[in-house]
Amino acid sequence: MAATRIIYRRELGAYLRSPFAWVIAAVLLLVDGILFQAYAMQGEQLSAVVLERFFYFSSGVSLFAGILLSFRLLAEERQNHSIVLLTTSPVRDVQIVLGKFFAALTFLAVLLALSFYMPLLIKVNGKITLAQVLVGYFGLLLLGASALAIGIFGSSLARSQIVAALAGAAITVLMCFLFMFAKRLDSPVREVLQELDLWWIHFQNGFMRGVLNLKDVIYYLAVIYFFLLLAVKTLEAKRWQ
Amino acid sequence: MIRASNLSKFYGGKRALGPVSFEINDGETVGFLGLNGAGKTTALRILACDLQPSGGSIEVGGVDAIADAHEVRKRIGFLPEHPPLYQDMTVLDYLAFAGELRGMSRSQVKRRLPDVVEITDLGEVQEDVIGTLSHGFRQRVGVAQAIIHQPKFLILDEPTRGLDPVQIVEMRNLIHDLKQNHTVLISSHILTEISQTCDRLLVLGKGKLLGSGSELELAASESEIRQVTVTMRPPTGEDPKGRIRKVLEGVEGVKSVADPYEQGGGLTFALSTTKDCRAEVSRSVVDAKLDLIKLDYARSELENTFIRLVGGADGSN
């Protein structure tokens, strides 16, 4: 775990030093705020509905942030040749991937925390519980963490950061629209694809409404585990190339 | 000791290295010499546990580098062709990060940093961000990260690549200092760099080991290397070239005498010899009452050896 912690510290420092990361954070928070003001707060609505709309828009922000914060993590190292420092040190590939993942997750959590003033406004002026807000944020974090894991996998595939970003974005978008493909298919493939959907089934029907389902939590953890494992295996395979 | 046996590496179906076998003793400075694409970088990356070989075995200090790569990585410092630097970090932060990655505690790193900065002469830029450094300083930072954990074995892949002449001399001096405490492996295609730095050479060509030994041993293993050039004033009388040639061919150690050419009012003969026989040549010339103008021991023996070895690998020799 020591190596994971050392890599985590460096990566988090890199985010904090990087204007790119802060620009991403600023732009996404701005977009989130505009969407909240323009659409979520429109008309007279129950405060619970306004909160749902906030999480609806924030889920997109979380997914975008996940991809944007992760695509460079391994591809940039390969492009700059700095990855050799990691691969020739007594560090396991899984420690490299985990250190980078948790650093990106921390930055994502900070980004999400900075949007907390919006549900706080709803709570001050309406009737929502803190539990509803926390469950929604937990969902945003899991959704963003899944996008991060997918992005890291994309980043492990390519030397080019653009290719890495496109690969991560393509997988994420595909997984977000699985439920639409599922509608056109027959049972049991339909049910299987629906359950694999990244956004509609597990976020919109659960976390977004303040409902905490264990199966949704397990689903997101499984997605994170699966794509991080793929990233580790890709790194291992690259040692042969 | 590093012991490689039947080491090979294939990229797809293409052979990049091997099978090659060699041993490197503790305290030696060994140069990997070869043209671009000869397999030097592949060999060094395998030795640094950065790349898995397709076949063969490597032992580093008695540890199997394939089965226990982690243990071997602790004993090796590696400067690849492109130094593995993080542009956004300061020199000190980067070196501390590299040290901790290699298993050093923070207090060990703190104690070691001043020594490393002094050895690599990075004092004036230690607080600077790496992205703002010149190429020469970046190369030094690359060396510093390779020695931060005091490895027994130091692997430097083209350490003078892209440096200006002054920086090359500085880097050469740095490598000379590092030889005191490390077993050093250096790759280069620059012959003078290798010949001035290394105790022993491994010559690679098209992935194969073409020769191994000191510069003199490699030269001696070659049968026709021009080592001595002799310039004489042409004697009067009939067939001056033939007279001189006869004298030179009679000198012990001279295997053949090339056709002479005129140079500075004299005739210059290039002699293929099996040893440095300048003394014998001068004695014979004086005994034959010929006027000696100039006598040189060929300084290009390594080039000759290298070209001959590599040419052999190309099948063009």
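Lettering of chains follows the sequences in order, A, B, ..., and the numbering in each one begins at 1.
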Point-to-point distance, once rounded to the nearest 0.5 Å, from [atom1] of [X] to [atom2] of [Y]:
| X | Y | atom1 | atom2 | answer |
| --- | --- | --- | --- | --- |
| R10(A) | D88(B) | CZ | CG | 5.0 Å |
| Q52(B) | E236(A) | CD | CD | 9.5 Å |
| I7(A) | E100(B) | CD1 | CD | 11.0 Å |
| T88(A) | I76(B) | OG1 | CD1 | 9.0 Å |
| S89(A) | H149(B) | OG | NE2 | 7.5 Å |

Evaluate the side-chain proximity of L85(A) to F78(B): yes if any heavy-atom separation is below 4.5 Å, no if none is.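 Not in contact.
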Checking A14(A) against chain B: side chain, backbone, both or neither under 4.5 Å from a heavy atom?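 For A14(A), heavy atoms of backbone and side chain both lie under 4.5 Å from chain B.
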Does [atom1] in [X] sit with more than 12 non-hydrogen atoms of other residues, nucleotides or ligands closer than 6.0 Å?
| X | atom1 | result |
| --- | --- | --- |
| F116(A) | CZ | yes |
| Q37(A) | CD | no |
| Y56(A) | OH | no |
| K179(B) | NZ | yes |
| Y8(A) | OH | yes |
| Y225(A) | OH | no |

Worked check of side-chain contact (heavy atoms from CB on, under 4.5 Å) between R9(A) and F97(B): CA-CA 9 Å; R9(A) 237 180 22 232; F97(B) 172 64; over 6 Å; no
Could you pull out the closest heavy-atom pair between L85(B) and S82(A), with the gap in Å?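 Heavy atoms of L85(B) and S82(A) come nearest at O-CB, 3.5 Å.
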Considering only heavy atoms and a distance below 4.5 Å, find which of H81(A), E76(A), R17(A) pairs most often with chain B.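 The option with the most such pairs is H81(A).
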Who wins among L86(A), N80(A), I83(A) for the most heavy-atom pairs under 4.5 Å with chain B?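 Of the candidates given, the most pairs with chain B belong to L86(A).
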Side chain / backbone / both / neither for R75(B) at chain A, heavy atoms under 4.5 Å: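 Contact with chain A is absent: no heavy atom of R75(B) under 4.5 Å.
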If only atom types and distance count, is the side chain of R73(B) paired as donor or acceptor with the main-chain N or O of T87(A) below 3.5 Å?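 Judged by distance alone, yes, a pair lies under 3.5 Å.
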